[in-house]
2 protein chains.
Amino acid sequence: MNEIEKEQTVSANERMILDIVRRSKGLARSAIAGQTNLTQQSVHRIIDHLVKLEFLQLGEPIIQGRGQPSPHVSLNPEAFFSIGVSLNTDDMSVSLVNFCGETLLEENIPFAPVKRLETQAWLKALLERWCQQNPSIESRIVGVGFAMTGYFIKEKGHIRPPDPLFDWSGVDLQAELEALLGWPVILINNATTGAIGEAFHGAGLTYQTFGYLSFNFGFGGGIVIDGEPFFGAYGNAGEIGRIFTTEEAPQRPALSMLIKALARQGIDVPSVAKLKTQFDPTWPGVAEWVEQTTPYFLRAINALRGVIDPDAIVLGGEIPKSLAHMLLDSLERCGMTSSQDISVWPQMIVSELKGDSATLGAALQPLRQTFFRK
Amino acid sequence: MNEIEKEQTVSANERMILDIVRRSKGLARSAIAGQTNLTQQSVHRIIDHLVKLEFLQLGEPIIQGRGQPSPHVSLNPEAFFSIGVSLNTDDMSVSLVNFCGETLLEENIPFAPVKRLETQAWLKALLERWCQQNPSIESRIVGVGFAMTGYFIKEKGHIRPPDPLFDWSGVDLQAELEALLGWPVILINNATTGAIGEAFHGAGLTYQTFGYLSFNFGFGGGIVIDGEPFFGAYGNAGEIGRIFTTEEAPQRPALSMLIKALARQGIDVPSVAKLKTQFDPTWPGVAEWVEQTTPYFLRAINALRGVIDPDAIVLGGEIPKSLAHMLLDSLERCGMTSSQDISVWPQMIVSELKGDSATLGAALQPLRQTFFRK
DNA sequence: ACAAATACTAAACTTAGTTTGTAATAATAT
DNA sequence: ATATTATTACAAACTAAGTTTAGTATTTGT
């Protein structure tokens, strides 16, 4: 490199300023100091440093009122890159994001990712191809966020996925992937990465503390506290499926259950992904399913309210937007009754993010962790 | 004061060191640096400063091995004091703690605290008496932690208590109490203060992130994350009662429900306080109540597990210890079944704290907030 | 007695901020 | 047009809080 060597250590105040720039998607340099507890001069110097490191870039001065115009500050999208992987029962997707968190490349595995080594070989080959086709990125990749479905267990780096992914259990997956890929790997539950995507690009821009409910083949969730994803003791925080007993599980709002209900009505939806694209709220069975699952949905919400009392609850995962709104309407009709005081409710939000938020969040986590507010 | 004026602002590193000394209940000065990311020299200087401020005191040098003996460092118990109040439906208790968090004075109100102004007048008179009888403390009281039962609502400083305490709603209680008492007042839910007591003196010495279940007349709880009490958006975090519907509420593990069940068996227990002192696990009806309430208890635990995945869950409040153990045994017999993976369980702990942990925690919070690790 | 280990003390240095002061720029009032 | 004024940029001295370096003191083990 003939450029300035990129330090990957960023001080707390530098991170704070990077996060302010990120959240506002670029702003006048002079508008930053007011959002910090630093003086204008300190902010000036910090930004100067971050520009020298090529983390930030200065644009045209903006004339907004009196006084000397202040240059526009924005993230340098090329400063760093990060890779996200999301592994589901029947699918795996991989993406590359830039320093702004924008997805540049995305690809799905062409076979079911049930065999661990076969899947890893495909992943390795894909990333090598990406690096060859984009030679500038290789040295600037900060790490890999690897999201998968399943519960973390006591052994560090191990996960217990659902049955079809049995081959992925019993190994220190984090260590294995780091050895394979040569980058730092963060292993995360894929409901939490959905929440991370939301924290970076969605509800997180408005709310500091929120719960994320991930409607997929199963029903899970993630937690964001003060803008940071919360993992809990073993990384299973937000795995709200735990509140249902074995008998109750079939009635929880998992999309697999809706697909079954639709099948009983003669409507064949082959996968959760297809459900998202083809969903029609007037299909027979949909209204009934919503009605029937609402008490269990409410219970999940009340678990979030009772335990963390969030600012907001975001409905995400792979749920069709119109279905999410049906669930919220049904909740209203139920009167949102709980046994106790019901006066303070979190904001209920349907996720606005495009694409696979689990893969996105997985890719964002290495970036967040290294460069943005902690 | 002819002593050095006591600054109430403590830097982050000073707070860290105060917290290390507090947790270890005193230790050799040389044993501190290893628990920080600071050098021995920096720790030395910081402790020097804290000793000059009379927050810490040096004791006899301790000879443990080779090398120059290192003086014993401990909190100066007289450095500061704090007041805690816990208001329940039928009782109010007030306590004074010293800088070590030890309760020095404690008193219960001799009448039901239903009338707000009458109760406040009694409290004001009590604190004035305490200050007169202990003239040295007045100038060193950092604040008042005011814990009460009820839900916080959107209006700042307001709370919605259960019906008998109706008179306490509809006002900015925090502002009112600050005006009355002349000290900073922190208004907290009394299940959270129980968790704070546990964080300071109990499970918090071992576990960083835990859930606290408070068995009282009702059934509530509090959350501690990374050693800090977590309040949530409105201060209602941990209010686990929300997970039960109106129909389910009578079966939740609230001690009032046990008292009712005992009454049906002809055993008259006049109050929750009496239950704690008189409880006999062989009373008829107890085993049945435990059996019947266990699924609801399990659901509360699974809500905590699902949402925050804690290191530990502490059973506290006013539950008799033997009853808490019966609940845990019953949980074991149920197989702790949930619909999903059940391999990672938090440590289940019965609180070992003596006295009223809600009042204790209320008193501790102003101290914690000002002087100990954040 | 003496070397090794450990802790204390002190001074110089470093980092990352604040404070203070000045210059530049552009909107606004006259 | 010109002076005024608010806002921002830039620069140097200062400050707070740590680290680094180096020497000193005290005890243990041989």
Side-chain angles (χ1 to χ4, degrees), chain A residues 4-5 7-21 24 26-53 55-74 371-374, chain B residues 4-21 24 26-53 55-74 371 373-374:
Chain A
I4 292 155
E5 190 68 35
E7 293 277 338
Q8 290 211 12
T9 50
V10 192
S11 77
N13 281 336
E14 285 171 338
R15 260 211 296 270
M16 175 174 63
I17 285 175
L18 285 172
D19 203 58
I20 289 169
V21 175
S24 65
L27 74 174
R29 173 157 66 185
S30 59
I32 293 175
Q35 298 183 50
T36 72
N37 51 354
L38 302 173
T39 59
Q40 174 257 319
Q41 291 86 335
S42 296
V43 171
H44 187 97
R45 187 167 37 71
I46 291 170
I47 289 175
D48 214 52
H49 182 224
L50 292 172
V51 169
K52 281 207 186 79
L53 292 174
F55 292 7
L56 292 180
Q57 55 195 12
L58 296 182
E60 290 299 299
I62 306 163
I63 302 167
Q64 268 173 331
R66 293 181 168 189
Q68 185 169 335
S70 188
H72 186 259
V73 181
S74 57
F371 297 107
F372 299 102
R373 174 149 31 192
K374 205 158 288 168
Chain B
I4 292 155
E5 190 68 34
K6 306 217 176 197
E7 291 278 337
Q8 291 212 11
T9 50
V10 193
S11 78
N13 282 335
E14 286 172 337
R15 261 211 294 270
M16 175 174 64
I17 285 176
L18 285 172
D19 203 57
I20 288 170
V21 175
S24 65
L27 74 174
R29 172 160 67 185
S30 60
I32 293 176
Q35 298 184 50
T36 71
N37 51 354
L38 301 173
T39 60
Q40 175 261 317
Q41 291 86 334
S42 297
V43 170
H44 188 96
R45 187 166 38 69
I46 291 170
I47 290 176
D48 214 50
H49 182 223
L50 292 172
V51 169
K52 281 206 186 78
L53 292 175
F55 292 7
L56 293 180
Q57 55 195 12
L58 296 181
E60 290 299 300
I62 306 164
I63 303 166
Q64 268 174 331
R66 292 180 171 191
Q68 186 168 337
S70 188
H72 186 259
V73 181
S74 56
F371 297 107
R373 174 149 33 191
K374 207 161 287 169

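Keep in mind it's a predicted model, so treat the numbers as computed, not measured. Residue numbers start from 1 in every chain, and the chains themselves are labelled A, B, ... in the order their sequence lines are given, proteins ahead of strands.
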Remember a base hit wins even if backbone is also touched, and classify [X] as base, sugar-phosphate or nothing at under 4.0 Å, heavy atoms.
| X | value |
| --- | --- |
| A/S42 | base |
| B/R45 | base |
| A/S70 | sugar-phosphate |

side-chain hydrogen bond (donor to acceptor under 3.5 Å, both in side chains) against [X], all qualifying residues, sequence neighbours excluded:
| X | result |
| --- | --- |
| A/R15 | none |
| B/T39 | B/S42 |
| A/R66 | none |
| A/H72 | none |

| query | Any side-chain heavy-atom pair from B/P69 and B/I63 closer than 4.5 angstrom? | reply | yes

Going from [atom1] on [X] to [atom2] on [Y], what distance comes out if it is rounded to the nearest 0.5 angstrom?
| X | Y | atom1 | atom2 | value |
| --- | --- | --- | --- | --- |
| A/L38 | A/N13 | CG | CG | 4.5 Å |
| B/K374 | B/M16 | NZ | CE | 14.5 Å |
| B/R29 | B/S70 | CZ | OG | 5.5 Å |
| B/L18 | B/F371 | CG | CZ | 8.0 Å |
| B/F55 | B/I17 | CZ | CD1 | 13.5 Å |

Output the rounded distance in Å from [atom1] ([X]) to [atom2] ([N]).
| X | N | atom1 | atom2 | result |
| --- | --- | --- | --- | --- |
| A/Q40 | C/dG17 | CD | C1' | 14 Å |
| B/I47 | C/dA7 | CD1 | P | 12 Å |
| A/I46 | D/dA9 | CD1 | P | 14 Å |
| B/D48 | C/dC8 | CG | P | 11 Å |
| A/E60 | C/dT25 | CD | P | 15 Å |
| B/R29 | D/dA25 | CZ | P | 16 Å |
| B/H44 | D/dA25 | NE2 | P | 14 Å |

| said: Between D/dT21 and B/Q41, counting only base atoms on the nucleotide and side-chain atoms on the residue, is there a donor-acceptor pair under 3.5 Å? | reply: yes

| message | Heavy atoms within less than 4.0 Å of DNA chain C: which residues of residues 31-38 of chain A have one? Give them sorted by number. | response | A/N37, A/L38

| query | Considering only heavy atoms, which members of residues 12-21 of chain A lie under 4.0 Å from some atom of DNA chain D? | reply | none

| task | Rounded to 10°, tell me the angle between the two end axes of the helix from C/dA1-D/dT30 to C/dT30-D/dA1, each built from five pairs. | result | 10°

Nucleotides 26-30 of chain C: which of its N/O atoms have a protein N/O under 3.5 Å away?
residue	atom	partner	partner atom	Å
C/dA26	O4'	A/G67	O	3.3
C/dT28	O4'	A/R66	NH2	3.0

| field | Partners meeting side-chain contact (heavy atoms from CB on, under 4.5 Å) with B/Q68 (sequence neighbours left out) | value | none

| task | Using the test side-chain contact (heavy atoms from CB on, under 4.5 Å), find all partners of A/E14 that sit at least two apart in sequence or belong to another chain. | result | A/V10, A/S11, A/I46, A/H49, A/L50

| remark: Heavy atoms of B/I32 and B/V21 approach each other most closely as CD1-CG2, 3.9 Å

| request: If a pair satisfies salt bridge (charged side-chain N to carboxylate O under 4.0 Å, His left out) and one of its residues is in residues 32-48 of chain B, list it, with sequence neighbours excluded. | output: B/D48-B/K52

